[in-house]
Amino acid sequence: MGAVMLQGTGSDVGKSVLVAGLCRALANRGLVVRPFKPQNMSNNAAVTAAGGEIGRAQATQAFAARVAPHVDMNPVLLKPQGDRTSQVIVHGRVRGTLGSANWREGRAGLLDDVLASYHRLRAQADIIVIEGAGSPAEINLRSGDIANMGFARAAGVPVVLVGDIDRGGVIASLVGTRAVIDPADAAMIHGFLVNKFRGDPALFDDGYRAIEVRSGWRGFGVVPWLPEAVRLPSEDAVVLERRSVGGDGRVVIACPITARIANFDDLDPLRLEPDVELVMVPPGQPIPDAALIVLAGSKATIADLAFLRAQGWDIDILAHHRRGRPVLGLCGGYQMLGRVVSDPHGIEGPVGAVPGLGLLDVETEIGRAKTVGAVSGTALGAAFDGYEIHMGRTTGPDTARPVGQFGDGRAEGAMSADGLVCGSYVHGLLGDARQRAAWLARIGVDGAGPDHRASIDAALDAIAATLERHVDIDALIALSKTARDDREQ
């Protein structure tokens, strides 16, 4: 059939959720669907069955389409590890590092990688639903672009522009995008969607017509606010401060938001717990009185340790431990809990070593090799399925008290002698309800909420049903058929 691309008037306008919802709606119609994002920038990554990295949103979109995630769905993933540098993942593997000095030159050859993945996916599917990045209105980034119009024009894919009415100015953002982009880019846009509308959509009829008249594009619908979206895994740091879904907040679990926090969707399952309030602690705020402190992953452990100390959170964590309360570190958070983190090869930044929080008798050396892969096993007497993504090897006496054991018999993680501090390299550890119940039992919470995967599945079905009512999906399918078919390339 073809392909259609959703681009946005800005970041966080809801492109990822809309693509996921459309993938589920189209799959429910019996179509073979594949999600695709040419270039993503996120430190929340997922692992494919073959051991490659892709953006968390694309893994969710694959789940929505009822297919296994594949590296072709996100051929280029940029993982920020400093203010001016990003690790570059191409087809699931580390290719190198790009900084502000070599950014334009470094991405010059990536369009070929992107198009190769797109053509492979198109050969497998009835329809490809593509997500852009940021906005095509960022015309200062247009040269060498592979994420938005650079890809759309190279692949001959029609574009629908998404505007966010909840943030205000949706008429100006949609019509303004038409005004500032190159005419040849504007010709790729065939219509728009208004997203995140609260209230009666009929109240926006005049605004909707004004956009059509002033832009020359047709509207494909007004999407209401989607409360189910809160149950989907998070990718962007802008959502980190949202509160739990329901619950009376009887037991507080706190997680500080460090500058390079990564894979913080590990904590999303805690939002399902009716007796838990998950508090994501922003910079400038102390860690509140909590039953459990969780240190999430990090793309730059040493830099985040310095950030943590600058916020005074190390004092809060140590005081929490002195009161006899537990701490859990996941991946980079695990590394921070040790005595020392060293970077002898300058992988994350300058060569050197820094003291950790000293709550685990272990030390970590950041190495050149990257561990990436799906894992399963048991921890605290319950089964888990998850994945590893980390650079670094952790050793020391506390690893003799592992948190769990992989299916192949290898020990995993470390536990302090007093049993209060645990570290694990497993992402997704809390996703299984039984595993989550075992951790919650340590802080006096009985039972566990619903299965996280089932909750995501139900949310996707609900979002798809809403899109069927409010979006002209038949017209989007017809538009997708106008995509150029150049698979012979």
Side-chain angles (χ1 to χ4, degrees), residues 6 11-12 14-21 23-24 34-65 67-81 86-94 129-134 147 228-240 242 255 257 260-272 280 296-299 330-333 370 372-375 385-390 425-431 452-453 455-457 459-460 463:
L6 300 191
S11 297
D12 198 39
K15 299 185 295 293
S16 295
V17 172
L18 291 180
V19 169
C23 283
R24 176 54 60 91
R34 296 291 186 273
F36 183 67
K37 183 160 185 169
Q39 174 191 294
N40 198 352
M41 177 175 282
S42 176
N43 275 333
N44 269 17
V47 173
T48 67
E53 289 185 71
I54 63 172
R56 164 54 59 194
Q58 282 61 67
T60 300
Q61 291 159 1
F63 183 62
V67 295
H70 191 277
V71 295
D72 279 338
M73 296 173 183
N74 177 205
V76 178
L77 174 61
L78 305 177
K79 305 186 77 171
Q81 57 187 25
S86 291
Q87 186 181 73
V88 182
I89 311 293
V90 179
H91 293 147
R93 306 295 178 189
V94 178
V129 186
I130 305 164
E131 179 187 345
E228 301 86 3
V230 75
R231 297 191 182 276
L232 301 185
S234 306
E235 180 172 65
D236 295 322
V238 293
V239 302
L240 279 176
R242 71 187 183 194
C255 175
I257 305 172
R260 298 298 168 198
I261 192 170
N263 288 84
F264 48 81
D265 59 306
D266 283 340
L267 281 74
D268 282 355
L270 294 172
R271 302 181 189 278
L272 301 175
M280 302 299 293
S298 170
K299 190 64 190 72
L330 298 172
C331 200
K370 190 169 191 177
V372 180
V375 294
D385 287 290
Y387 57 96
E388 289 185 284
I389 306 177
H390 63 90
Y425 273 122
V426 177
H427 294 295
L429 186 67
L430 302 174
H452 189 226
R453 187 178 180 89
S455 175
I456 294 171
D457 195 49
L460 288 167
I463 291 169

Participant: Please find the pair of heavy atoms, one from V372 and one from G51, that lie closest to each other, and give the distance.
Facilitator: CG1-O, 3.2 Å
Participant: With a 4.5 Å limit on heavy-atom distance, are the side chains of I389 and K79 in contact?
Facilitator: yes
Participant: For a side-chain contact (heavy atoms from CB on, under 4.5 Å) check, start with the C-alpha distance between D268 and I456, then their side-chain angles and the critical distance, and finish with the verdict.
Facilitator: CA-CA 11 Å; D268 282 355; I456 294 171; over 6 Å; no
Participant: Looking at N263 and A45, would you say the former's side chain and the latter's main chain have a donor-acceptor pair under 3.5 Å?
Facilitator: yes
Participant: So how far is it from C255 SG to I261 CD1, rounded to the nearest 0.5 Å?
Facilitator: 4.5 Å
Participant: Under the side-chain contact (heavy atoms from CB on, under 4.5 Å) rule, collect the residues that match up with V94, sequence neighbours excluded.
Facilitator: Q87, I89, K370
Participant: If you take all heavy atoms of G92 and V71, which pair is closest and at what distance?
Facilitator: CA-CG1, 3.6 Å
Participant: Using the rule salt bridge (Lys or Arg N to Asp or Glu O under 4.0 Å), only one of R56, R231, R271 pairs with D265; which is it?
Facilitator: R56
Participant: Taking the side chain as everything from C-beta on, heavy atoms only, tell me whether R34 gets closer than 4.5 Å to D72.
Facilitator: no
Participant: Please find the pair of heavy atoms, one from Q39 and one from A147, that lie closest to each other, and give the distance.
Facilitator: CB-CB, 4.0 Å
Participant: Decide yes or no for H91 and P75: does some side-chain heavy atom of the first lie under 4.5 Å from some side-chain heavy atom of the second?
Facilitator: yes
Participant: Please report the closest heavy-atom contact between A46 and A59, naming both atoms and the distance.
Facilitator: CB-CB, 3.5 Å
Participant: I need the K299 NZ to S42 OG distance, nearest 0.5 Å.
Facilitator: 11.5 Å
Participant: Could you measure the distance from the CE atom of M280 to the CG atom of L267? Nearest 0.5 Å is fine.
Facilitator: 5.5 Å
Participant: CG of L330 to OG of S298: how many Å apart, nearest 0.5 Å?
Facilitator: 12.5 Å
Participant: To the nearest 0.5 angstrom, please state how far the CZ atom of F36 sits from the SG atom of C23.
Facilitator: 12.5 Å
Participant: Can you tell me how far CG of D266 sits from CG of L429, rounded to the nearest 0.5 angstrom?
Facilitator: 8.0 Å
Participant: Test side-chain contact (heavy atoms from CB on, under 4.5 Å) on R260 and Q81; report intermediate values, then the result.
Facilitator: CA-CA 7 Å; R260 298 298 168 198; Q81 57 187 25; 5.9 Å; no
Participant: Short question: side chain of N74, backbone of K37 - any donor-acceptor pair under 3.5 Å?
Facilitator: yes
Participant: List the steps, then state whether side-chain contact (heavy atoms from CB on, under 4.5 Å) holds for Q58 with E131.
Facilitator: CA-CA 9 Å; Q58 282 61 67; E131 179 187 345; 3.4 Å; yes
Participant: For P80, is there any backbone N or O sitting under 3.5 Å from a side-chain donor or acceptor partner on N43?
Facilitator: yes
Participant: Tell me the closest heavy-atom pair linking I54 and H70, and the distance in Å.
Facilitator: CG2-O, 3.8 Å
Participant: Give me the atom names and distance for the closest heavy-atom approach of S455 to L272.
Facilitator: OG-CD2, 3.5 Å
Participant: Taking side chain as C-beta onward, heavy atoms only, is Q61 less than 4.5 Å from V129?
Facilitator: no
